[in-house]
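Working notes, beginning with the structure itself.
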Amino acid sequence: MGTVDDLQQRVHGLRLADDVLAGGDLIRPALRDLRRAVKLYRENTHTSEVGRQLLRQIGELAQIAGWIASDAGQHEEAERIYRLGISAARQAEDNTLAGNIAGSLAYQFSNTGREAEGVTLAHVALNDAGADAPPKARALYLDRVAWAHTKAGGVDNGQQAIRALGEAGQALSEDSEGAESPAYLYWVDAGELRVMESRVYTELRRPLRAVPLLRDVLSEYDATHTREMALYLSWLAVALADANEPEEASAVAERVIDLASDIPSERTAERVRVILQRLQDYADVPEVAALLAEHPAA
């Protein structure tokens, strides 16, 4: 069990590192730790309880390793890792953890052109976790359902996305100091739900809702989390363009590009491409024209 505790600390250390570093920085140590954990489980003898705890840690490690691989643009590797983690969590009979990993894979599907699969898997993650899942877990899984429907497109999906956002907020409101949540949900709070809400409204082309939310979030955000800062600013740039504010959108875009230039993250690189493409509609605005001349859209 001491070995399990050591592994648990390694897993949490990776999570904290992911807060300030990008996938390209962390992919090698993450995969190395995952291989070691799987080898430890397969090649050693242990009691059933220790085995269950090892499986749980393999599941948690697979979730963060899959997230890191996805951020690095290694989507096939990430999917393989996520599926390994889902299997481990189910063997450990930890439905909340299985839901977290499945939701992470659904999120990747939604962002990589597999929107229908993303919707299906996001709902599976929520349903499998069950009504007894901690409030923070249900809030997170409902947020992923909202994003999946948003990316799927269409009026009906948009309505379902907004409904899921409301349910996520309700779920989080049921959290309390006495409620126990897994350590991997440490980052789920009202601020993160506002981030998802703003992203959903940006995708739905509702900038009057998105811009104030994003400004509020960014005014309080930890600047040391460079990748997330770049990502959230990217949504603000798009929302400002949708609000017919190309000059300000261009200024925000410039900041995103500056931040992203030092981050080995495929997610931030993709968001830069999205911004530049969106600003093409304002190519005759001097500020935008100067930005596009310096950074031609791919």
Side-chain angles (χ1 to χ4, degrees), residues 1-72 74 77-105 107-108 125 128-130 132-141 144 175-189 192 222 224-225 227-228:
M1 193 60 78
T3 304
V4 173
D5 292 340
D6 290 342
L7 181 58
Q8 186 175 25
Q9 293 179 17
R10 291 281 300 170
V11 175
H12 195 57
L14 267 177
R15 292 192 202 102
L16 297 178
D18 179 69
D19 286 340
V20 294
L21 297 173
D25 296 314
L26 294 172
I27 185 66
R28 287 187 178 181
L31 293 180
R32 183 173 60 245
D33 284 352
L34 181 59
R35 285 193 294 268
R36 287 175 177 172
V38 172
K39 183 177 181 180
L40 180 66
Y41 176 78
R42 290 176 175 171
E43 298 183 4
N44 289 271
T45 57
H46 35 68
T47 65
S48 60
E49 177 58 24
V50 170
R52 185 159 44 251
Q53 293 299 329
L54 274 173
L55 285 168
R56 183 174 286 117
Q57 292 309 310
I58 289 171
E60 291 193 25
L61 185 51
Q63 189 280 322
I64 187 59
W67 181 264
I68 288 167
S70 188
D71 187 56
Q74 299 185 25
E77 178 78 347
E79 182 175 349
R80 182 188 67 80
I81 294 169
Y82 281 142
R83 292 192 183 281
L84 169 69
I86 293 170
S87 176
R90 286 177 173 169
Q91 287 184 63
E93 299 179 344
D94 190 332
N95 292 333
T96 299
L97 176 58
N100 187 33
I101 306 168
S104 298
L105 179 55
Y107 185 77
Q108 175 175 290
D128 283 1
D132 294 332
K136 279 189 174 184
R138 287 188 57 77
L140 174 59
Y141 306 162
R144 288 169 173 162
D175 190 41
S176 64
E177 292 185 7
E180 290 189 12
S181 293
Y184 53 78
L185 297 176
Y186 70 96
W187 58 277
V188 179
D189 58 21
E192 289 297 333
D222 187 344
T224 64
H225 295 188
R227 180 188 57 201
E228 271 60 40

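These values consider heavy atoms only, across backbone and side chains, with no hydrogens, waters or symmetry-generated copies. Residue numbers count from 1 along this sequence.
- For Arg144, the side chain to side chain donor-acceptor pair (under 3.5 Å) partners at least two apart in sequence or on another chain are Asn100, Ser104.
- Side-chain contact between Leu34 and Leu84: present, with at least one pair of heavy atoms (C-beta onward) separated by less than 4.5 Å.
- Among residues two or more places apart in sequence or in another chain, the side-chain contact (heavy atoms from CB on, under 4.5 Å) test is passed with Asp189 by Glu192.
- Taking the six-membered ring where tryptophan is involved, the planes of His12 and Tyr186 are perpendicular, since the angle between them exceeds 60° and thus also 30°.
- Rounding to the nearest 0.5 Å gives a distance of 10.5 Å between CD1 of Ile68 and CZ of Arg15.
- By the neighbour-count criterion of 12 heavy atoms within 6.0 Å, atom CZ of Arg28 is sparsely surrounded, having that number or fewer from other residues, nucleotides or ligands.
- For Asp25, the salt bridge (charged side-chain N to carboxylate O under 4.0 Å, His left out) criterion is met by no residue, not counting sequence neighbours.
- A heavy-atom distance below 4.5 Å is not found between the side chains of Glu77 and Ile27.
- Under the 4.5 Å side-chain criterion, counting only non-hydrogen atoms from C-beta, Val38 is not in contact with Leu61.
- Listed by first then second residue, pairs satisfying ring-ring contact (aromatic ring centres under 6.0 Å, His included) with a partner in residues 20-40 number zero, not counting sequence neighbours.
- For Arg36, there are no salt bridge (charged side-chain N to carboxylate O under 4.0 Å, His left out) partners, not counting sequence neighbours.
- Applying the side chain to side chain donor-acceptor pair (under 3.5 Å) rule to Asp128 yields the partners Arg90; only residues at least two apart in sequence or on another chain are considered.
- Asp222 meets the side-chain contact (heavy atoms from CB on, under 4.5 Å) test with Thr224, His225; sequence neighbours excluded.
- Applying the salt bridge (charged side-chain N to carboxylate O under 4.0 Å, His left out) rule to Arg35 yields no partners; only residues at least two apart in sequence or on another chain are considered.
- For Tyr184, the ring-ring contact (aromatic ring centres under 6.0 Å, His included) criterion is met by no residue, not counting sequence neighbours.
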Would you give me the side-chain donor-acceptor pairs under 3.5 Å for residues 91-99, sequence neighbours excluded?
{"unit_1": "Gln91", "atom_1": "NE2", "unit_2": "Ser87", "atom_2": "OG", "d": "3.4"}
{"unit_1": "Asp94", "atom_1": "OD1", "unit_2": "Thr96", "atom_2": "N", "d": "3.3"}
{"unit_1": "Asp94", "atom_1": "OD1", "unit_2": "Leu97", "atom_2": "N", "d": "3.0"}
{"unit_1": "Asp94", "atom_1": "OD2", "unit_2": "Arg56", "atom_2": "NE", "d": "2.8"}

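- Under the salt bridge (charged side-chain N to carboxylate O under 4.0 Å, His left out) criterion, Arg52 pairs with Glu49, sequence neighbours left out.
- Applying the salt bridge (Lys or Arg N to Asp or Glu O under 4.0 Å) rule to pairs touching residues 4-13 yields Arg10-Asp33, sequence neighbours excluded.
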